[in-house]
2 protein chains.
Amino acid sequence: MSGNIKGIFYGVSTGPGDPELMTVKAVRILKKADSIVAARVMGKQETALEIAKQAVGLDDKEILSLPFSMSGKREAEKKEHENSIRQIEALLEAGKNVAMPVLGDVSVYATWQYLAEEIQADGYQTVMIPGVTSFCAAAAAANTGLTQRDLPLHIVPASYGNLEKQMQPEGNYVLMKAGKCMDEIHRVLETKPGVREVFSIKNCGLPGEVVKDGLLENEAYGYFTTVIVKE
Amino acid sequence: MSGNIKGIFYGVSTGPGDPELMTVKAVRILKKADSIVAARVMGKQETALEIAKQAVGLDDKEILSLPFSMSGKREAEKKEHENSIRQIEALLEAGKNVAMPVLGDVSVYATWQYLAEEIQADGYQTVMIPGVTSFCAAAAAANTGLTQRDLPLHIVPASYGNLEKQMQPEGNYVLMKAGKCMDEIHRVLETKPGVREVFSIKNCGLPGEVVKDGLLENEAYGYFTTVIVKE
């Protein structure tokens with residue numbers, strides 16, 4: 001490891017939960033990485049790392065466990081990211097290839113983007129390994145297509161509010177992280193015209209998977225709940 | 001193979017082109033299938049089968065090559081589908097598991113849905129194996145995220161027209177099959193406020209891949225062109 005050759009920072013999509021839904025490439029990149037970043041989301045979950053471990057032996061790797069507390073407090077999150085970036089860049093500077101397993105696909109609502117933008121700006125190479133999104137896996141679990149011939153598909157981070165407005169354009173909808181706002185989804189769907197089919201998928205590919213025609217009742221939702229709404 | 005046990009019809013997502021972007025599960029299902037449906041799209045391309053063949057040896061399999069002429073003429077397409085369904089069901093009836101490789105992900109604008117709905121209605125089991133969508137792979141190729149924190153993502157089948165209206169809601173856009181309507185995309189983007197970044201990705205993961213910041217000029221587009229528009 002020469003001082004001149006810097007490592008690469010990989011965002012490796014692990015898919016939604018089932019380790020068999022990792023791509024052949026994701027498995028290969030994780031196998032050859034020197035260091036693995038484990039995202040300790042909300043203080044405890046290392047879901048993406050757990051998925052990766054089922055597909056790839058990672059016992060011989062250096063594991064860097066970093067907190068992503070997802071508090072929603074921008075300043076605190078920014079400080080946390082800066083601290084994570086400093087630790088990752090120290091490894092890259094030492095010539096190590098660093099892979100961070102990311103739940104679902106790395107281009108869709110993944111915290112990896114915030115890290116990667118800074119790390120790129122600091123002059124390091126970053127590479128994204130695409131994977132299966134939670135919503136494609138949810139559609140497969142519900143045995144339904146997400147799209148119709150000439151209609152758009154809207155991917156909505158449902159828990160960010162303003163759902164009535166978000167669900168106005170024509171087309172089908174994927175409501176992500178729907179578990180946080182199932183009351184609001186119930187309310188919006190009650191008055192929305194043209195809805196033909198609704199599916200709820202909780203913990204897709206994870207232990208405790210639930211697939212339901214229609215909406216889950218409030219008490220049954222969880223953080224990893226996706227709702228599919230078809231016109 | 002008892003006369004009573006019917007086969008299963010699998011829609012196996014092959015991802016966008018690079019055979020390494022197939023999932024471990026897709027590879028396993030194709031390996032164990034008795035028969036493979038090759039979609040002969042528009043008279044010649046068997047792109048999904050070609051991807052699958054690079055990852056899995058299929059020489060010992062029965063290959064059923066079926067036409068999907070994509071003429072846009074509903075009646076002709078319907079007749080073609082009915083003919084395909086009849087041939088697939090004959091195999092399922094004989095107890096054979098039939099796998100159809102599908103480009104990208106099987107839940108997103110895949111013809112497989114039309115076949116599967118009928119085949120299910122006729123009493124056979126159908127199973128979807130999710131995969132990497134063309135747009136997630138395009139984002140990775142352009143090294144950019146598709147989403148921002150609290151904004152939706154709109155997946156638009158761009159060639160179906162009415163693009164100005166489709167691009168009104170706030171959020172980011174993926175314009176699929178953009179090659180057919182690059183003139184219109186140029187026109188709509190010229191007057192659309194709030195556009196921060198645009199990427200064009202042609203033949204993602206296939207021979208002749210092009211990744212460009214901004215739009216491709218008209219002469220350079222192709223059927224498999226995806227445009228990413230970020231606010």
Side-chain angles (χ1 to χ4, degrees), chain A residues 11 13 15-16 18-28 55 105-110 112-114 116-117 120 126-133 135-157 160-162 165-166 168-171 173-174, chain B residues 11 13 15-16 18-28 55 105-110 112-114 116-117 120 126-133 135-157 160-162 165-166 168-171 173-174:
Chain A
S13 308
D18 178 352
E20 258 207 311
L21 291 183
M22 288 177 63
T23 66
V24 175
K25 189 169 189 175
V27 171
R28 177 172 65 80
D105 176 80
V106 65
S107 75
V108 178
Y109 303 113
W112 190 81
Q113 290 302 329
Y114 305 117
E117 275 174 24
Q120 271 176 54
T126 69
V127 172
M128 297 161 70
I129 310 296
V132 177
T133 63
F135 54 83
C136 287
N143 202 14
T144 187
L146 287 171
T147 60
Q148 272 114 288
R149 200 178 273 266
D150 52 356
L151 286 175
L153 170 68
H154 310 282
I155 315 295
V156 178
Y160 278 101
N162 216 352
K165 188 181 157 212
Q166 304 283 21
Q168 268 169 10
E170 66 167 359
Y173 295 87
V174 168
Chain B
S13 309
D18 177 351
E20 258 208 310
L21 291 183
M22 288 177 63
T23 67
V24 175
K25 189 169 188 175
V27 171
R28 177 172 65 79
D105 176 79
V106 64
S107 75
V108 179
Y109 302 111
W112 190 81
Q113 291 302 328
Y114 304 116
E117 275 173 25
Q120 272 175 54
T126 68
V127 172
M128 296 162 68
I129 309 297
V132 177
T133 63
F135 55 84
C136 287
N143 202 13
T144 188
L146 287 171
T147 60
Q148 272 114 287
R149 200 177 272 267
D150 52 357
L151 286 175
L153 170 67
H154 310 281
I155 316 295
V156 178
Y160 277 101
N162 216 351
K165 188 180 156 213
Q166 305 283 22
Q168 269 169 9
E170 66 168 359
Y173 295 86
V174 168

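To find a chain, count down the sequence lines: A is the first, B the second, and so on, and within it residues start at 1.
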Margin query: Contact between B/Tyr173 and B/Gln166 at the side-chain level, heavy atoms closer than 4.5 Å - yes or no?
Written below: no

Next item on the list: Compare every heavy atom of B/Pro152 with every heavy atom of A/Pro157, then report the nearest pair and how far apart it is.
Entry: CD-CA, 3.8 Å

Check: What distance do A/Thr133 atom OG1 and B/Leu146 atom CG have between them, rounded to the nearest 0.5 Å?
Finding: 10.5 Å

Margin query: Let's test your reading of the structure: which of A/Val27, A/Val127, A/Leu21, A/Ile129 forms the most heavy-atom pairs below 4.5 Å with chain B?
Written below: A/Leu21

Check: Is there a side-chain contact between A/Gln113 and B/Arg149, using heavy atoms and a 4.5 Å cut-off?
Finding: no

Item checked: Which portion of B/Ser13 sits near chain A, non-hydrogen atoms under 4.5 angstrom -> neither

Item checked: Region of B/Asn143 in contact with chain A, defined by heavy-atom distances below 4.5 Å -> both

Item checked: Structural part of A/Gln168 lying under 4.5 Å from a heavy atom of chain B -> neither

Item checked: Contact winner vs chain B - A/Met128, A/Arg28, A/His154, heavy-atom pairs under 4.5 Å -> A/Met128

Checklist line | Atom group of B/Val108 that falls short of 4.5 Å from chain A, counting heavy atoms | finding: both

Next item on the list: Between chain A and each of B/Glu117, B/Lys165, B/Met22, count heavy-atom pairs under 4.5 Å; write down the option with the most.
Entry: B/Met22

Next item on the list: Can you tell which part of A/Asn162 gets under 4.5 Å to a heavy atom of chain B, answering side chain, backbone, both or neither?
Entry: neither

Next item on the list: Could you look at A/Asp150 and say if it's the side chain, the backbone, both or neither that has a heavy atom under 4.5 Å from chain B?
Entry: both

Check: Among B/Val174, B/Ile155, B/Val156, whose side chain to side chain contact (heavy atoms under 4.5 Å, CB included) with A/Leu153 holds?
Finding: B/Ile155

Checklist line | Minimum-distance pair of heavy atoms, taken over all atoms of B/Gly131 and B/Thr23 | finding: CA-CG2, 4.5 Å

Next item on the list: Grab the two heavy atoms, one from A/Tyr109 and one from B/Gln148, that are nearest each other, plus how far apart they are.
Entry: CE2-O, 3.6 Å

Checklist line | chain A contact via B/Glu170 - side chain, backbone, both or neither, heavy atoms under 4.5 Å | finding: side chain

Check: Pick from A/Ala140, A/Ala141, A/Ala137, A/Pro169: which one has the most heavy-atom pairs with chain B under 4.5 Å?
Finding: A/Ala140

Next item on the list: Compare every heavy atom of A/Ala110 with every heavy atom of A/Asp105, then report the nearest pair and how far apart it is.
Entry: O-CB, 4.2 Å

